[in-house]
Asker: 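Before anything else, here's the structure in question.
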Number of protein chains: 2
Amino acid sequence: MTDTPAKPPQDPLAEPRRRPGRPKDAGDLRDLILDQAELAFAETGFAGARTRDIAERAGVNQALIRYYFGSKEELFDEVFRRRGGLISARRHEFLDELLMATPAPTVEQVLHAYLLPQWAMKYSGANGAAFVRLQARLHSEPEEHALRLRREVYDSSVHRYVEVLSRCLPGIPRDRVSIRFSFLVGTYMFMLNDLGRLGDITEGHVVDLGKDRMLEELVAFLAAGMRAS
Amino acid sequence: MTDTPAKPPQDPLAEPRRRPGRPKDAGDLRDLILDQAELAFAETGFAGARTRDIAERAGVNQALIRYYFGSKEELFDEVFRRRGGLISARRHEFLDELLMATPAPTVEQVLHAYLLPQWAMKYSGANGAAFVRLQARLHSEPEEHALRLRREVYDSSVHRYVEVLSRCLPGIPRDRVSIRFSFLVGTYMFMLNDLGRLGDITEGHVVDLGKDRMLEELVAFLAAGMRAS
DNA sequence: CGGTAATTTAATCACCTGAATAATTGCAAT
DNA sequence: ATTGCAATTATTCAGGTGATTAAATTACCG
């Protein structure tokens, strides 16, 4: 408190630090933080990710996270809602389009409409794959927090798809359709998330089937399961 | 350092603390630690669990974890291997028995043999359900550590089942069978782990189908998927 | 122009974390 | 008896953790 109140001798190679205060153009640091948080949460999960890392990767002070989001948990929620909401919306759209085009679609068509938004996000570049992993992680967390988020974001689209599928499968009671739908959720979550188990199981014969082929295989498998007598 | 070298005034209601030194009968604290670690890891994942909590729940000093296991990570490995090895061994046994009884089993029979050990463990009481959750969590962790463990414990039984299934499904190329098998892994992992999503998806109509009925439904679904043309 | 509000930083807090150490006790072999 | 090993504890360590505060800088509104 008594001496060297001035700046320490700065590294002349250091990039020009942002100084505090309102920025001139404000290139929305909020979104930058969300992007980096998405990556961090995907890599190490909620507990494993450090707010310091997230801030550093975004080139931003740690306190800014609190400023924008309040807490680490609320930051996570926001990350999840941002893309989850998008996926859910796309699902609704695709189902609308499908029902508009054909009043009695096949099981395959309905499943394809349901899965495509996730698939497209995974291969969209731009952190999509990270979000998909983060989401798969959330799906295996039994905590109340996780459950609440999933409900909030996904339940509405899921319920609609179950209803439509039920109409496609007149021989199968509704409750059974919904049970099978929950099987389906586990299946695609795992495949979306996976980063090596497929290679192990096929003993190296199949490592990456490619976006389209994998989706086809999955739809065929799931549709057959749905129709099981 | 200078005064009060003696014990602080102890809470007279405190239970008699175990004093250091070799115990008289040594009711294997090692296993006690493993049990509590299993619960803790299942509840909050690897990063979220605290060695302090684990030790406390086991009624044991924290340093004992290091004494027996070396580190938190090695403790986790041991927890995983203990029951994972058991499950893998059971799978081998059941497959042996099945092939002994019928040289050409149905897909349903093979899948049942594969799934039963996990199912039985989940409903065995005695932390079985906790282990199953922990395992499902591990399945959605992409880290190298997780991958290595799964390989070590499960690959041998998985490869055998893929081979037998391939024989049951002569119309389907081997690679495709193994891809479908990896679909299957995701499906049952999710169902084993699930603690509420089923209820959401069925809008409350189905919360718990009961051990046997759920396994039947799952086998029917998966067998149909395996056979998909 | 001048004041107020928004945005950002550096610095710090209180607490927690896994790990390590050294002391303590009981048992078994000599 | 004495010594040495095994199992257990209380205590401490070094380093992180999310959160918080106070100050700094700029934009915006009158």
Side-chain angles (χ1 to χ4, degrees), chain A residues 1 4-11 14-34 36-37 40-41 44-78 145, chain B residues 1 4-11 14-34 36-37 40-41 44-78 145:
Chain A
M1 291 286 191
T4 61
K7 304 167 186 178
Q10 289 194 346
D11 180 357
E15 46 191 317
R17 269 306 182 100
R18 200 201 314 273
R19 293 207 313 265
R22 184 169 197 146
K24 302 172 194 217
D25 70 334
D28 239 338
L29 296 187
R30 211 187 114 96
D31 281 338
L32 238 176
I33 294 173
L34 282 173
Q36 295 303 319
F41 286 136
T44 46
F46 179 77
R50 278 149 293 204
T51 53
R52 269 180 174 74
D53 288 354
I54 295 171
E56 195 175 349
R57 289 210 240 172
V60 145
N61 191 282
Q62 192 192 173
L64 210 55
I65 290 180
R66 182 173 122 97
Y67 179 72
Y68 278 124
F69 304 99
S71 71
K72 187 186 178 184
E73 188 160 317
E74 289 170 287
L75 169 61
F76 184 89
D77 291 3
E78 196 65 20
H145 174 216
Chain B
M1 290 288 193
T4 61
K7 305 166 187 175
Q10 290 195 343
D11 179 357
E15 45 192 318
R17 276 293 189 105
R18 201 199 314 275
R19 293 207 313 266
R22 183 169 203 152
K24 307 181 187 205
D25 71 337
D28 240 337
L29 295 188
R30 211 188 112 96
D31 281 337
L32 237 176
I33 294 172
L34 282 174
Q36 295 303 319
F41 286 137
T44 46
F46 179 77
R50 278 148 293 206
T51 54
R52 268 179 174 76
D53 288 354
I54 295 171
E56 195 176 350
R57 289 210 240 174
V60 146
N61 190 282
Q62 192 191 173
L64 209 57
I65 290 180
R66 183 171 120 96
Y67 179 73
Y68 279 124
F69 305 100
S71 70
K72 186 186 179 185
E73 187 160 319
E74 289 170 287
L75 169 61
F76 184 89
D77 291 2
E78 196 64 21
H145 174 217

Asker: Provide, to the nearest angstrom, the distance between the CG atom belonging to B/N61 and the P atom belonging to C/dA20.
Answerer: 15 Å
Asker: Quick one: B/R30 CZ to D/dT8 P, roughly how many Å, whole number?
Answerer: 12 Å
Asker: For DNA chain D, determine which residues of residues 63-76 of chain A have any heavy atom closer than 4.0 angstrom to one of its atoms, and list them numerically.
Answerer: A/A63, A/R66, A/S71, A/K72
Asker: How long is the straight-line distance from CZ of B/R30 back to OH of B/Y68, given to the nearest 0.5 Å?
Answerer: 8.0 Å
Asker: Distance-only criterion, 3.5 Å: show the donor-acceptor pairs between side-chain atoms of residues 47-61 of chain A and protein atoms not counting sequence neighbours.
Answerer:
| unit_1 | atom_1 | unit_2 | atom_2 | d |
| --- | --- | --- | --- | --- |
| A/R50 | NE | A/D53 | OD2 | 3.3 |
| A/T51 | OG1 | A/Q62 | OE1 | 3.2 |
| A/R57 | NH2 | A/E43 | OE1 | 3.3 |
| A/N61 | OD1 | A/A63 | N | 2.8 |

Asker: Less than 4.5 Å apart, any side-chain heavy atom of B/L34 and any of B/F69?
Answerer: yes
Asker: By the salt bridge (Lys or Arg N to Asp or Glu O under 4.0 Å) test, which pairs, at least two apart or in different chains, include something from residues 65-74 of chain A?
Answerer: none
Asker: Which distance, rounded to the nearest 0.5 Å, do you find between the CG of B/D28 and the CD1 of B/I33?
Answerer: 9.5 Å
Asker: Please list, chain by chain and in numerical order, all residues satisfying side chain to side chain donor-acceptor pair (under 3.5 Å) with A/Q36, sequence neighbours excluded.
Answerer: none
Asker: Nearest whole angstrom, please: distance from the P of C/dT7 to the CG of A/D28.
Answerer: 9 Å
Asker: Looking at residues at least two apart in the chain, or sitting in another chain, which of them share a ring pair (Phe, Tyr, Trp, His ring centres under 6.0 Å) with A/F46?
Answerer: A/F41, A/F76
Asker: Short of 4.0 Å, heavy atom to strand atom, which residues of residues 45-60 of chain A count as contacting DNA chain D?
Answerer: A/A49, A/R50, A/T51, A/R52
